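A quick write-up on the structure given underneath.
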Amino acid sequence: MPKGKLTIVGSGAVGTSAAHWAVSRNIADEIVLVDVIEGIPQGKALDISQSAPLCGFTGKIVGTCSYEDTRESNVVIITAGLARKPGMSRDDLLQKNVEIVKKVTENIVKFSPDTIIIVVTNPIDAMVYTVFKVSGFPKNRVVGMAGVLDSSRYRTFLAQALGVAPKDVTALVMGIHGDNMLPLTRLASVAGIPVEDLLSKKELEEIVHRTKFGGGEIVEHLKTGSAFTTPGLCAIEMAQSILLDEKRVLPCAAYLEGEFGISGVFLGVPVVLGRKGVERIVEFPLTQEERDALSKSVEAVKKQVEATGL
Ligand code: A3D
């Protein structure tokens, strides 16, 4: 059965990582890596293609600066734009990245009017809105990556504190990709056992705090950019669920129209991802405290969206 065509726009750190994971997981028949800098996507695609005999990739990988090559993509991941440096917030990237993301979206829509777009460029909750507005796509075909990464960070820190295998920890982070995100302690569990029964309140508070600032912690170490290996994998986790119609339940920035009592913004919520993109938002009851925390996320996202001028 054909798996489809995947385009990754932006061949920097995250785009290259995404291409690497897509090849190692063999999730597409064709992978197209795009950038504005001549030579970069071509060289990187060639390098990655030479891993095929070792990892079992059976498709084709193309590096290009021309959107002609992206024609009829089934899924497009947008990573084009500036990344954070120490001392910068995600909001500092907004104005420059809005311009980049607008241009990229116009080109994608021109050659792949039926595609599903996964947005990674920061500040993600505003960039995914930008793609939604500029593309004119229905809400199921535009989605943002952040919750998969924040939840994976949360699960990692919980597993480390508990001394257990990370894959046995299940946890959900909702809301904005920023300081006001909402790691849900109430729902985190290890093999079905609530973490609240295994860790103290203080330990859990420290883990929640580290999760919220997990991206910044990496930026402080790297100094020249932000996290890329796991962000690339998270985008591929989403692309794979769409291309292979896996119907995974993943936390993603999805457009809300009344779910969780919120409308008119993209916000991190659990969704079912399949061949049609965001096939369903999984709504469940929140406590008053969680609803209040989510409201703070909504206010922060609205401010970002206002700043885009869209
Ligand atoms: P970087 O390594 O600088 O790569 C960005 C690439 O985009 C460069 O190769 C640029 O040449 C390219 N580019 C710039 N303008 C265009 C354009 N118009 N068309 C095509 N390509 C273009 O950055 P990165 O890969 O580390 O990060 C990329 C973006 O992802 C940044 O905005 C990061 O903040 C964001 N990011 C988001 C997350 C989330 O969890 C949401 C995680 C990590 C990074």
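Worth knowing before you read on, the calculation uses all heavy atoms, side chains too, and leaves out hydrogens, waters and symmetry mates. Because the structure is a prediction, the values reported are computed rather than measured. Note that ligands are numbered from 1 as they come in the structure, with each ligand's atoms numbered from 1 the same way.
Formation of a donor-acceptor pair under 3.5 Å by the Glu217 side chain with backbone atoms of Gly214 is not found in this model.
Of all protein heavy atoms, the one closest to atom 17 (C) of ligand 1 is Val36 CG1, 3.5 Å. Annotation: atom 30 (O) of ligand 1 to nearest protein heavy atom, Val120 O, 3.7 Å. Scanning the protein for heavy atoms near atom 23 (O) of ligand 1, the closest one is Ala83 CB, 3.7 Å. Considering only non-hydrogen protein atoms, atom 8 (C) of ligand 1 sits nearest to Asp35 OD2, 3.5 Å. Protein heavy atom at the shortest distance from atom 21 (N) of ligand 1 is Ala80 CB, 3.5 Å.
Residue His177 places at least one N or O, backbone or side chain, under 3.5 Å from an N or O of ligand 1. Among the atoms of Asn122, some N or O lies under 3.5 angstrom from an N or O of ligand 1.
At a heavy-atom distance under 4.0 Å, only side-chain atoms of Val9, from C-beta outward, approach ligand 1. Heavy atoms of Ile37 found under 4.0 angstrom from ligand 1 belong exclusively to the side chain. Residue contacts with ligand 1, taken as heavy atom pairs separated by less than 4.0 Å, involve Asn97 solely via side-chain atoms from C-beta onward. When non-hydrogen atoms are compared, ligand 1 lies under 4.0 Å from neither the backbone nor the side chain of Thr16. At a heavy-atom cutoff of 4.0 Å, ligand 1 is contacted by both the backbone and the side chain of Met145. Of the heavy atoms in Leu149, only side-chain atoms (C-beta onward) come closer than 4.0 Å to ligand 1. When non-hydrogen atoms are compared, ligand 1 lies under 4.0 Å from the side chain of Leu93 (C-beta onward) but not from its backbone. Looking at Pro231 against ligand 1, only its side chain comes within 4.0 Å, counting heavy atoms. Residue contacts with ligand 1, taken as heavy atom pairs separated by less than 4.0 Å, involve Ala227 solely via the backbone atoms N, CA, C and O.
Of the charged side-chain nitrogens involved, none lies within less than 4.0 Å of a carboxylate oxygen, so that Arg280 and Glu259 do not count as a salt-bridged pair. Taking 4.0 Å as the cut-off between side-chain N and carboxylate O, Glu68 and Arg71 count as a salt-bridged pair. With respect to the salt-bridge test (charged N to carboxylate O, under 4.0 angstrom), the residues Glu106 and Lys102 do not qualify. Between Lys5 and Glu72 there is no salt bridge, since none of the side-chain N atoms of the basic residue sits less than 4.0 Å from a carboxylate O of the acidic one. No salt bridge links Glu299 with Lys303; every basic N to acidic carboxylate O contact stays at or beyond 4.0 Å.
Taking all heavy atoms of Val14, Thr79, Val219, Leu33 into account, the minimum distance to atom 28 (C) of ligand 1 is reached by Thr79. Closest heavy-atom approach to atom 7 (O) of ligand 1 within the set Gly81, Pro41, Ala13, Gly12: this belongs to Gly81. When Ile124, Ile100, Ile78 are ranked by how near their heavy atoms come to atom 18 (N) of ligand 1, first place goes to Ile100.
Taking the side chain as every heavy atom from C-beta outward, Lys60 and Ile31 never approach each other to under 4.5 Å. Counting heavy atoms from C-beta on, the side chains of Glu279 and Asp245 come closer than 4.5 Å. Val109 places a side-chain heavy atom less than 4.5 Å from the side chain of Phe137.
Here the OG1-CE distance, from Thr308 to Met127, works out to 7.0 Å after rounding to the nearest 0.5 Å. Atoms OG and CG, on Ser49 and Leu33 in that order, are 11.0 Å from each other to the nearest 0.5 Å.
Tracing side-chain contacts under 4.5 Å through hydrophobic residues (I, L, V, M, F, W, Y), one reaches Val131 starting from Ile116; they form part of the same cluster.
Residue contact annotation: Val34 has no non-hydrogen atom under 4.0 Å from ligand 1.
Ring geometry for Phe132 against Phe266 counts as perpendicular: the plane angle is over 60°, on a 0 to 90° scale with 30° as the lower cut.
Short contacts between ligand 1 and Leu82, defined as distances under 4.0 Å to a heavy atom of the residue, involve ligand atoms 31 (C), 32 (O), 33 (C), 34 (O).
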